[in-house]
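Inspection log for the structure reproduced underneath, given as structure tokens.
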Amino acid sequence: MGKSPTADFTSVATVDELQPGERMVVELGRRWVAIFNVEGTYYAIEDVCTHDDGPLAEGELEGCVITCPRHGATFDIRTGKVLSAPAMVDVKSYDVQVRGNDIQVKPR
Ligand code: FES
């Protein structure tokens, strides 16, 4: 439809700012987005737990599963899917691409 596939992506960081095993939180629009580098693959989810707004990027990450530091709900950072209570609702997730040195995200 005449739109380049990168049109809706926004640069939020550079690759050297986010090494494998690291995570960062950026502001995008009026949302906070947690970006993860898991062994060279990037994932991004909203940094707000759907249970009670816990800061997900401060939780423990095992593989691709993040544990909310507030009450322990777990989410898959690849999809935003909720995996365990007390959260019941998936968290918003983002597509991530790398263009040159830029890490770019787009809401799904
Ligand atoms: S705020 Fe995340 S589990 Fe309660």
Side-chain angles (χ1 to χ4, degrees):
M1 314 214 255
K3 241 184 168 186
S4 95
T6 60
D8 299 319
F9 281 88
T10 305
S11 295
V12 288
T14 58
V15 288
D16 38 292
E17 292 175 316
L18 192 64
Q19 301 296 320
E22 293 184 346
R23 59 186 81 170
M24 66 191 303
V25 178
V26 300
E27 197 175 1
L28 183 66
R30 272 177 282 160
R31 295 176 188 270
W32 293 101
V33 181
I35 306 172
F36 301 84
N37 181 338
V38 181
E39 294 173 7
T41 303
Y42 300 96
Y43 303 102
I45 57 172
E46 189 165 4
D47 188 37
V48 179
C49 182
T50 55
H51 175 237
D52 192 22
D53 298 346
L56 291 175
E58 292 175 21
E60 255 181 58
L61 183 69
E62 253 194 83
C64 287
V65 177
I66 191 87
T67 300
C68 178
R70 198 161 282 175
H71 312 107
T74 55
F75 298 88
D76 188 328
I77 64 168
R78 297 170 295 189
T79 58
K81 205 169 179 29
V82 63
L83 301 175
S84 68
M88 306 294 285
V89 177
D90 298 347
V91 74
K92 187 173 174 58
S93 64
Y94 294 75
D95 287 326
V96 186
Q97 70 177 15
V98 175
R99 279 287 175 275
N101 271 330
D102 285 358
I103 299 171
Q104 303 180 327
V105 300
K106 180 177 90 161
R108 282 189 175 140

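Atoms within a ligand are numbered from 1 in the order they appear, just like the ligands themselves. The shown structure was predicted, so the numbers you read here are calculated from the model rather than taken from an experiment. The first residue in the sequence is number 1, and the count goes up from there. No hydrogens, no waters, no symmetry mates; every other heavy atom, side chains included, goes into these values.
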Look only at the side chain of Thr74 and the backbone of Ile66, and say whether a donor-acceptor pair between them is shorter than 3.5 Å.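 Not a single qualifying donor-acceptor pair exists.
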Please tell me whether Glu60 and Thr67 have a donor and an acceptor in their side chains that are separated by less than 3.5 angstrom.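 Absent: no donor and acceptor within the cut-off.
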Around atom 4 (Fe) of ligand 1, how many protein N/O/S atoms fall inside 2.8 Å?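 Under the 2.8 Å cut-off, the count stands at 2.
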Is it true that, when you exclude Glu62 itself, more than 12 heavy atoms of the residues, nucleotides or ligands shown sit nearer than 6.0 Å to its CD? no
Mind listing the closest non-hydrogen atom pair of Ala44 and Val105 along with its distance?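 Smallest heavy-atom distance, with atoms named: CB-CG1, 4.1 Å.
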On a heavy-atom basis, which atom in Tyr42 and which in Val15 lie closest, and how many Å separate them? OH-CG1, 3.6 Å
Mind checking what makes side chain to side chain donor-acceptor pair (under 3.5 Å) contact with Arg108, not counting sequence neighbours? Ser93, Asp95
